[in-house]
Amino acid sequence: MNYTVQHIAEITNAQIIGDGNLLIKNIAYDSRIIYSIKNTAFIAINTHKNSGEKFIESAMDRGIKVIISEHHYPEFENITWIIVENSVAFLQKLAKYHFENSHLQSIGITGSNGKTILKEWLYQCLWNEFPTVKSPKSFNSQIGLPLSLLQINDSHQLGIFEVGISKPHEMEKLENIFHPQIGLLTHIGTAHAANFSSEEELIDEKIRLFKNSEVIIYNGDNDLVDQKIKNSYSDKKLIAYGFKKENQVFIKSNISKDENIIVEYFGEEISFPAHQRDEATLTNAMALITVLKELNIENKKIVEKINLLKAVEMRLEAIEGNKGNIVINDSFNLDLDSLKTALQFLNEYNKAKKSLVLTDIVGVSTNAKELYEEVAELVNDQNFDSVFLIGNEISKFSELFKAKTYTFIDTKELIESKHLTEIENQIILLKGARKFEIEKLKDILELRKHDTVLEVNLNAILHNINYHKSLLKPGTKMMAMVKANAYGLGSFEVSEFLQHHHIDYLGVAYADEGVELRKKGITTPIIVMNPEQHSYQTIIEYNLEPEIYSFRVLELFYEAVQKSGYDKKYPIHIKLETGMHRLGFKDFELDQLSETLSHKNVKVQSMFSHLSSSDMPEEKEFTLKQLEVFEKNSSYLIEKLGYTSIRHILNSAGITSYKDHQHDMVRIGIGMLGESADPEIQKQLRSVVSFKTVISQISTVENGESVGYSRRYKTDHPTRIATIPVGYADGIPRLIGNQVGNVGVNKTLAPIVGNICMDMMMINVDHIPNVKEGDTVTVFNAHPSLKEFAGYCKTITYEVLTSISPRVKRIYIKD
Ligand SMILES: *Cc1c(COP(=O)(O)O)cnc(C)c1O
């Protein structure tokens, strides 16, 4: 975009305070992610959950001179204000104007699943055919879609945008802003159905996007979808794809047998080799082909493009590097958008020093000078320590980069230079076009190569937190329980991510856990649930807040506060006993408690209790009793103290089942990791953890031979047995050997045979075709799921996670 402040105000009916002639090219909505200051306005977006106005000051600190806000803050000087009635409505109005005045061919993708994958695939196939703009990440909401549309500029010929809704009537608003020529409807699932009374209502809502489309491409396997589209849009060009032969586009070959996948497109055959054959991938491939055909791409080219897709890994991985480095590997593709995304990802880590490896941007038709000037500007804003440029093109522009800059012809030359091995304690971003194969650098920089990893998807945590938040009132605070190394996932990495996303409180079990977080730079308030006597000084020194559950702890802790010379009211958290019978003050102690507290220089920051059975519907009566006791006792204590304090009792299952009792804060734990005992809730959550390894060896064990220690498994026919490098020392309970437990290989369960060894175990893969040494094995959380795995172990998911040995490497991804 490219508008003056004056023009923006005219388009949106806003009021200007300041200079109307300033030129705006970007709108930043997150004060932490401002790529360039020149020509950028910051918008303070107010939603029912959050006010962006809190961040105006930090945007100004970054150097922003134009602020779009619902309120004017005259105390901030030298700012041009665009004052709007409603920040979200403003964005939508501006985006509508901008879209309608662009002359793009547009594709709008909606549906329950597959939107982002399809968008990325289409983009990869089309960006070198036409200058293309797309939604970043999964920006598809009432706010995300307008922000995506505002990225359109004069050079773009094609726009690919995702459109997502979660409530009735939302699509109407979005269609008013964005009316794609080609409408694409992916799979309709139950993922967002929560706010809809029926599948029918959901479909009706989604297909409103196509009101003004010329062509609608949709998954016709769902009869209701097929019927509804045909009824509503009989005047448009309709193309159905799917597995059913009634669709115009379907798969003709036998997917489990034939080498190539053959898609029939209106009687024409398109054949390609498939790397993955699961239903979702093949359905997406049909949608992709249909859109490419609609854009007149020749069959031969389509097949070439599909071959290049490989399994799209749209994710940035963060890997623990050697010498204290963190390596962010994003070596899949390179364009300006993905560079911005990667730079933004860097900002989420607080390492003082950063280095960048960046290659030529290939296949873009923009003028090279303009392109690399923009690249350099983005990079310079990040204050890298060193920048390593690979490729002849980008090297020509090395003087544009402000950091210590080195140039190389290819990746090999950089490796041979040994520069990388000198980097210590930095965050290193690897960002390159695929042909440069800079993933090879990752192998050099990585701490150790591990076949066995616990993969933690941070964005899935965010999704799960947001899901739980959506059940709560807007002002309710949230504490994330990161005790026990964040349920085994890595307390610093999880906490840092949560802090970045403004979690209100963190909860740890012991002072040491809190100290580690503080030392690594976590500033969010931290409550220590189990303050041990020897740790009181440490608690005070590191600004941690103790749970106080008895008079003994209160007295001893207060002694420590006095000794430390702390002279303000120390924040403490009072635990009330309401039926769990673990820790806490009982009702008959409350008078004495308030009396004791009144003589002490402490502040009851919160009072809380814990539910023993919130995940058990059969204990509802008991839980309601606990809630009632809490309500009564906490009210009594507040009255006695003479001031209010934050109250909280709900854990994850409490949030989903007893939200009327949310008080001022809730404490989320297992729910943020994507686990719920309630199958309906489970469907709304995203899986966060997966424990993976690879096959070390496969052997055919002859009939009658035995496998493993103590000969506990004997074959009754020649059997293919695979050995995998995880054992009881990694946290796999020995009792799930001997065919009690299974692991997943190629989406099929493989039973664990024989006794589990310390570092290894054997699995039966006789029934699984095409398994090879080096193939991935899922210990959990897909097939089997974490719940199923916990079932083999006869325990709960919590224990499985916290039992995984520290030697299993944790890696953190964001998809
Ligand atoms: C661990 C813990 C929680 C979180 O429980 P989940 O069931 O994992 O949500 C909440 N409150 C307290 C006091 C806890 O110790």
Side-chain angles (χ1 to χ4, degrees), residues 456 460-461 464-469 471-472 476-489 491 494-495 498 503-511 513-514 525-532 544-550 553 572-585 605-617 619 623 626-627 630 634 646-659 661-678 681-682 684-685 687-689 786-787 790 795-803:
V456 179
I461 294 185
N464 298 333
I465 289 207
N466 284 337
Y467 172 72
H468 285 85
K469 275 196 179 162
L471 304 175
L472 299 170
T476 305
K477 293 184 192 309
M478 187 172 270
M479 176 185 301
M481 300 308 294
V482 293
K483 62 192 181 204
N485 199 24
Y487 293 33
L489 308 192
S491 102
V494 173
S495 300
L498 295 172
I503 199 85
D504 299 287
Y505 255 97
L506 294 168
V508 299
Y510 294 99
E513 298 174 335
I526 299 176
I527 172 166
V528 179
M529 300 286 166
N530 253 308
E532 298 166 294
L544 307 171
E545 303 176 13
E547 161 179 333
I548 303 289
Y549 53 82
S550 70
V553 175
I572 61 169
H573 300 264
I574 297 291
K575 179 71 165 286
L576 299 174
E577 163 54 41
T578 56
M580 171 105 170
H581 297 294
R582 194 166 65 175
L583 296 174
F585 288 98
Q605 187 74 17
S606 86
M607 42 188 83
F608 71 108
S609 188
H610 193 41
L611 297 174
S612 74
S613 313
S614 58
D615 57 348
M616 299 173 74
E619 292 295 352
T623 306
Q626 264 198 290
L627 292 164
F630 179 66
S634 58
I646 299 174
R647 286 193 277 180
H648 47 113
I649 184 163
L650 301 183
N651 63 343
S652 306
I655 299 170
T656 55
S657 303
Y658 301 94
K659 61 178 182 226
H661 301 266
Q662 58 191 268
H663 292 285
D664 314 300
M665 182 154 83
V666 296
R667 302 185 304 268
I668 192 166
I670 200 83
M672 83 183 159
L673 309 186
E675 296 296 320
S676 169
D678 178 339
I681 304 293
Q682 184 66 57
Q684 310 289 331
L685 300 177
S687 144
V688 168
V689 207
L786 172 54
K787 250 196 210 76
T795 183
I796 51 175
T797 52
Y798 301 70
E799 188 182 348
V800 170
L801 291 176
T802 53
S803 305

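Computed from heavy atoms alone, side chains included, the values below leave out hydrogens, waters and symmetry copies. Since we're looking at a predicted model, the values are computed, not measured. Atoms within a ligand are numbered from 1 in the order they appear, just like the ligands themselves.
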**Request:** Run the numbers on Gln626 and Thr578 for side-chain hydrogen bond (donor to acceptor under 3.5 Å, both in side chains), then give the verdict.
**Result:** CA-CA 5 Å; Gln626 264 198 290; Thr578 56; 3.0 Å; yes
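- Distances below 4.0 Å separate heavy atoms of Ser652 from the following atoms of ligand 1: 6 (P), 9 (O).
- Residues Ser606 and His648 have side chains that bring a donor and an acceptor to within less than 3.5 angstrom of each other.
- Between Met479, Lys483, His468, it is Lys483 that holds the heavy atom closest to atom 15 (O) of ligand 1.
- Of all protein heavy atoms, the one closest to atom 3 (C) of ligand 1 is Met481 CG, 3.4 Å.
- For ligand 1, none of its N or O atoms has an N or O atom of Gly671 under 3.5 Å away.
- Checked by distance only, ligand 1 and Ile668 stay at 3.5 Å or farther apart across all their nitrogen or oxygen atoms.
- Of all the listed residues (Arg667, Glu547, Glu675), Arg667 holds the heavy atom that lies closest to atom 10 (C) of ligand 1.
- Between His573 and Tyr505, a ring centre-to-centre spacing shorter than 6.0 Å is recorded.
- Against a heavy-atom cut-off of under 4.0 Å, Tyr798 is close to the following atoms of ligand 1: 6 (P), 7 (O), 8 (O).
- Within the listing of ligand 1, atoms 6 (P), 8 (O), 9 (O) sit less than 4.0 angstrom from a heavy atom of Ile670.
- For His663 and Phe608, the gap between ring centers reaches or exceeds 6.0 Å.
- Under a 3.5 Å cut-off, the side chain of Asp664 and the backbone N or O of Arg647 do form a donor-acceptor pair.
- Contact check on Lys483 versus Glu513 returns no salt bridge, with no Lys/Arg side-chain nitrogen under 4.0 Å from an Asp/Glu carboxylate oxygen.
- Among Leu673, Ile670, Ile681, the one residue that satisfies the side-chain contact (heavy atoms from CB on, under 4.5 Å) test with Ser652 is Ile670.
- Per-residue contacts place Tyr487 under 4.0 angstrom from the following atoms of ligand 1 (heavy atoms of the residue considered): 1 (C), 4 (C), 5 (O), 6 (P), 8 (O).
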